[in-house]
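Shown next, in structure tokens, is the structure this report addresses.
None of the values given here were measured: they were computed from a predicted structure.
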Amino acid sequence: MTEARKIWEKENKSRFSINFMKNTEADLIDYLEKKQKQGIPKGTVLKRGLRLLMEQEQAGIDIQDYNN
């Protein structure tokens, strides 16, 4: 990677890493893997999900506890 690219990425990107528990979040893992087999990257699926959640919250839709 060129120095210019490193600078650009530092200024324009944020990276997040999450872990999924195989025994309690297998449904999420399976869904992401299914979408990936359909040619949809995992990051795209997660971003779409976050945007949908944001839309619901902005619309005042009562969202159940997603802390688990």
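For residues 4-15, the pairs satisfying side chain to side chain donor-acceptor pair (under 3.5 Å) are Arg5-Glu9, with sequence neighbours left out. Sorted pairs that involve residues 42-59 and meet salt bridge (Lys or Arg N to Asp or Glu O under 4.0 Å), not counting sequence neighbours, are lacking altogether.
Under a cut-off of 6.0 angstrom, the local environment of CE in Met21 is sparse, with at most 12 non-hydrogen atoms contributed by other residues, nucleotides or ligands.
You'll find the side chain of Leu46 reaches within 4.5 Å of the side chain of Ile18, heavy atoms only.
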Donor-acceptor list for residues 26-35 side chains, cut-off 3.5 Å, not counting sequence neighbours:
unit_1: Lys35; atom_1: NZ; unit_2: Gln38; atom_2: OE1; d: 3.4

